[in-house]
Engineer: 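The structure follows.
Every chain is numbered from 1 and lettered A, B, ... according to where its sequence line falls, protein lines coming before strand lines.
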Amino acid sequence: MPTAYRSHTIGQVVEGGESLIGEEVTIAGYAETVRGRGAICFLMLRDGTGQIQAFLKKDNLDASLFDAIQSATRESTIRVTGNVAQKRAPKTAEGESPPPPEFEVSVTSGEVLAEASAPLPLGVTDEVNVGLDVRLDNRHLDLRRSHVNAMFQLRSKVLEYGREHLISEGFQEINTPKIIAAAAEGGTNLFPMKYFETDAYLSQSPQLYKQLAVLGGLERVFEIGPAFRAEKHDTYRHLNEFVSFDIEGAWMDDEDVMGVQERMIRHIWNEVASNDLALIDAINEYRASQGKEPVSVEVPSLPFPRIPYCEAIEIVKKGGGEIEWGDDIESHHCDIIASKYPGFHFIPRWPMSMKPFYIHHKEGEEGSDGGQLSRGFDLNFGRDEMTSGGAREHRVEVLEQNLKDMGLDPADFTFYTDGFRFGAPPHAGWGLGVARLLMVLTGAGNVREVVLFPRDRSRVTP
RNA sequence: GCCCCGAUGGUGUAGUGGCCUAUCAUGCAGCCCUGUCGAGGCUGCGACCCGGGUUCAAAUCCCGGUCGGGGCGCCA
């Protein structure tokens, strides 16, 4: 649709050039390069949909406008009006076949909308590398780089396809509070805040609230929302504010929700592979310039491998890792497992002692040393954990015992446990780190790459 | 919280006590050329994180600070 500033997007002119030849269009964008200092001038304009060359001839337009555009700095925003024409073919080396026809706009009028300061804090099209910190300090410019832009377009697609899939399985979208009164789950540090005269915290997870929604009869719910953890970690995969893709479903167990998850991930990969490979190409073009292997969207087959905790421990032991039943499976252990299962894989049936109080267990399900197993699971991709989930405890007396066993006071959780006193459906769910999934899809080596304005231990701005 | 590493023009880098009035690329400014197209050619501009110390001499060695990177822990 035309807007006040343009009749066409650049993408429309690039793709529909043939049928637009001779037609007058108005386009607007960032000046990627401005070449020519004489009687003619080439302006490469870029908007969110593509890029195109605008051709300016001094004879064809107002002299002061010609000078203004010709001397415009890179990344200035410019609007031009002119006729679409086929570009003259570039010189090609002998034997090379000429490239397909391209189009340009032969400018007759226009306007410099906003001049960019020079020099730029980071080059949008420069070949030189830029450090992540400089990029994040200037995210507004970093985002103009095509592969970065592509990553965030993919992020939107991942959320869209994920939503789409869950809705198709009967899930409803909810929103839970991010300001909470008490330590919701324990186990992690929360950011304290003042809520008027009361002490409050930023929510670490929608866990307890999405369960209450299910207990209330909403049956199947999901939420895409922020979670906050006041942990001083400093790694490529942790942030203190992250977006979590959460689901919870009544009358389901751990195996049921693993099924939801693997189908959702397959759907996302499937849709990206059929609709969005241009975005992957933009990323791969950049990766090639950095000497990196291209990423490919390989739709995973179902079911994902299930490697129960006990078996995972054995794999780690056989692989030379030092680990005992009851230990957490750490990153270097995951490397051993990942060498056998490089893609997505579930690790179900963790020891109950390692899982939160709300995870369900079945009496009699025991590990090799007799320890109680839980119905909690993780989803990993390679060495990285994507998801934590499980069947939830729906028996209020067990729930209260679990709280006590973990050193928590049931009296602090009545807002939650009261939800179980009047009939509670067995239910299950999971939380998936959106950015971690995106790291897999885009090949990003750092979670900060795929988060617009990441919040880590030392960064609260921009 | 622990371990390791780093900080040089706007950006990315070279540099291992004197060869540094500091390299290269990119950028920026100007000129030339040009229907260019990763345009090209020429000229110029621009930097050693901060504070102490060692030394005849410090970008370089030492101490402290600040900021950053990698790994671990913990987790999504």
Engineer: In whole Å, I'd like the distance from the CZ atom of A:Arg35 to the C1' atom of B:rC32.
Structural biologist: 17 Å
Engineer: For RNA chain B, write out the stems as range with range, using runs of 3 or more consecutive Watson-Crick or G-U pairs with both distances under 3.5 Å.
Structural biologist: B:1-7 with B:66-72, B:10-12 with B:24-26, B:27-32 with B:40-45, B:49-53 with B:61-65
Engineer: Identify, residue by residue, the members of residues 135-142 of chain A with a heavy atom below 4.0 Å from RNA chain B, and return them in order of residue number, or none.
Structural biologist: none
Engineer: Just how far, in rounded Å, is P of B:rC37 from CD of A:Gln86?
Structural biologist: 18 Å
Engineer: Does the base of B:rC37 carry an N or O that pairs as donor and acceptor with the side chain of A:Arg88 under 3.5 Å?
Structural biologist: no
Engineer: Which one, B:rG35, B:rC75, B:rG71, comes nearest to the side chain of A:Arg237?
Structural biologist: B:rC75
Engineer: On the side chain of A:Glu104, is there an atom forming a donor-acceptor pair with the base of B:rG35 - under 3.5 Å, no angle test?
Structural biologist: yes
Engineer: Identify all side-chain donor-acceptor contacts of residues 151-158 of chain A below 3.5 Å with residues at least two apart in sequence or on another chain.
Structural biologist:
from	atom 1	to	atom 2	distance (Å)
A:Gln153	NE2	A:Asn149	OD1	2.8
A:Arg155	NH1	A:Val450	O	2.9

Engineer: Polar atoms only, N or O, under 3.5 Å: list the protein pairs with nucleotides 1-7 of chain B and their distances.
Structural biologist:
from	atom 1	to	atom 2	distance (Å)
B:rG1	OP2	A:Lys232	NZ	3.1

Engineer: Would you kindly give the CH2-to-C1' distance between A:Trp350 and B:rC75, to the nearest whole Å?
Structural biologist: 11 Å
Engineer: List in numerical order all residues of residues 441-455 of chain A for which some heavy atom is under 4.0 Å away from an atom belonging to RNA chain B.
Structural biologist: A:Asn446
Engineer: Is A:Arg306 paired with A:Glu255 through a side-chain N to carboxylate O contact shorter than 4.0 Å?
Structural biologist: yes
Engineer: How would you label the contact of A:Arg145 with the nucleic acid (heavy atoms, under 4.0 Å): base, sugar-phosphate, or nothing?
Structural biologist: nothing
Engineer: Between B:rA76 and A:Phe242, is there a base-stacking contact, meaning the centre of the base's six-membered ring lies under 5.5 Å from the residue's ring centre while the planes stay under 30° apart?
Structural biologist: yes
Engineer: Sugar-phosphate means primed atoms, P, OP1 and OP2; the rest is base. With that split, encode nucleotides 8-15 of chain B 5' to 3' as B, S or - using protein heavy atoms under 4.0 Å.
Structural biologist: --BBS---
Engineer: Decide yes or no, distance alone: a donor-acceptor N/O pair under 3.5 angstrom between the base of B:rC72 and the side-chain of A:His332.
Structural biologist: no
